[in-house]
Amino acid sequence: MPELPEVEVTRRSFAPSIAGARILSAHLGKPLRWPLGLAPQALVGRRVLAVRRRGKYLLVDLSEGLLLLHLGMSGSLRFAPAEGLPAAGPHDHFDLVTTQGVLRLHDPRRFGAVVYAPQGEEDPVARKLLGKLGMEPLEESFAPAAFYQGLQASRTPIKLLLLGGKLVVGVGNIYASEVLFTAGISPLAPANSIGPRRARRLYEAIRSVLAAAVEQGGTTLKDFSNAYGMPGHFQLQAQVYDREGLPCTRCAAPLRRVLQGQRSTFYCSYCQKL
DNA sequence: CTCACGCCCTGCGCGC
DNA sequence: TGCGCGCAGGGCGTGA
């Protein structure tokens, strides 16, 4: 479900509400991708200072240490008052009960994770997860020149390079297809075959597509909603994702699907050049 | 380094 | 209606 825009929309929806809260208790459900790394009771009494994002990770700064949250493929967060909150269901695997509400992770497939890093971002645990991440596409630090250099340094097909997250983070399988369609570049094009002009178009496409998705409250392709259960606005219709055989919105040719790294890529073989 | 692949786990939609 | 299959928005580890 969640790519960068969805994670960011989730973050914005509850970060102000939880900031300053004191942790009253914490509860684990079934095992997630990785163990939490400490007994949940040990979190009691700490304060939640802020919620930040790095790539698709949410970083919950505590008065001591840091929680790294990842939503995996099927995860979602809710933040609600303890009163009236339903009992944890079979797919609710983490509850952080605070003085200002309960943060609950719901994740049927359990590819998500909640990991405690005692030393914050400098912690070995955090470094292992965050250390190799690429540039943040919506930050000022995401520079066209650095992006172009990154493309030149790899022969990998551009779709796979974008998905890999080592050059730029947060572009998941849906937005990778969408961004390449917007830029008019074939997903099969070797990254280093993309010249400066097209690299610049791709750079702009990444920024504009992701920023628009955040503005719209996250793309609602299936069932995304923020931490208050509010869905995205549906304005951002996918141009190519999951539209195999349907007409291209620009040239009406049937859109294609190919497998890259065992994952589906959708594109228009006429509008998107190698 | 890159790549292909397996794997983690559950749910859904499809064809039969 | 029920069943089996393929597929799903992520990402890590392994081995070639």
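Excluded from the calculations below are hydrogen atoms, water molecules and symmetry mates; all remaining heavy atoms, backbone and side chain alike, are included. Lettering follows sequence order; numbering is per chain, from 1. Here the structure is a predicted model, which means the values were calculated and not measured.
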Whole-Å gap separating P (C/dA8) and CD (A/Q260): 13 Å
Quiz item: cation-pi between A/R257 and A/Y241, 6.0 Å / 45°: no
Charged N-O contact under 4.0 Å between A/E8 and A/R52: no
Whole-Å distance separating the CG atom of A/L259 from the P atom of C/dG6: 13 Å
Contact nearer the 5' end of DNA chain B, comparing A/P157 with A/R110: A/P157
Salt-bridge criterion met for A/R127 and A/E122 (N-O under 4.0 Å): yes
Pair A/R201 + A/E204: basic N to acidic O under 4.0 Å: no
Distance, rounded to the nearest Å, where A/E178 contributes CD and C/dG9 contributes P: 13 Å
DNA chain B: stems of at least 3 consecutive Watson-Crick or G-U pairs whose donor-acceptor distances fall under 3.5 Å: B:2-8 with C:10-16, B:10-16 with C:2-8
A/T10 and A/N226: side chain donor to acceptor below 3.5 Å: no
Sugar-phosphate only, base, or nothing, as touched by A/P90 at under 4.0 Å among non-hydrogen atoms: nothing
Spacing between A/D242 atom CG and C/dG6 atom C1', to the nearest angstrom: 14 Å
Run the side-chain donor-acceptor check on residues 108-115 of chain A: report pairs under 3.5 Å with partners two or more places apart or on a different chain.
from   : atom 1 : to    : atom 2 : distance (Å)
A/R110 : NH1    : A/P31 : O      : 2.8

Interatomic spacing from OH in A/Y228 to CZ in A/F79 - rounded to 0.5 Å: 5.5 Å
Where chain A begins and ends its contact with DNA chain B, read 5' to 3' at 4.0 Å from heavy atoms: B/dT2 to B/dG11
Rounded distance (nearest 0.5 Å) linking atom SG of A/C248 with atom CZ of A/R256: 12.0 Å
For A/T265, side chain to side chain donor-acceptor pair (under 3.5 Å) partners two or more places apart: A/K159, A/Q260
d(OH, A/Y175; C1', C/dG10) in whole Å: 15 Å
Show which side-chain atoms of residues 132-148 of chain A pair as donor or acceptor with protein atoms under 3.5 Å away, not counting sequence neighbours.
from   : atom 1 : to    : atom 2 : distance (Å)
A/E136 : OE1    : A/R53 : NH1    : 2.9
A/E136 : OE1    : A/R53 : NH2    : 3.3
A/E136 : OE2    : A/R54 : NH1    : 2.9
A/E136 : OE2    : A/G55 : N      : 2.6

Whole-angstrom distance between B/dC5 and C/dG6, as gauged at atom P: 16 Å
Contact state string [nucleotides 11-16 of chain C, B base, S sugar-phosphate only, - no protein heavy atom under 4.0 Å]: BSS---
Phosphate OP1/OP2 of C/dG9 contacted by A/Y241 side-chain N/O (<4.0 Å): yes
Co-membership, hydrophobic cluster, residues A/L129 and A/L105, 4.5 Å side-chain: no
Distance in angstrom units between A/Q262 CD and C/dC7 P, rounded: 11 Å
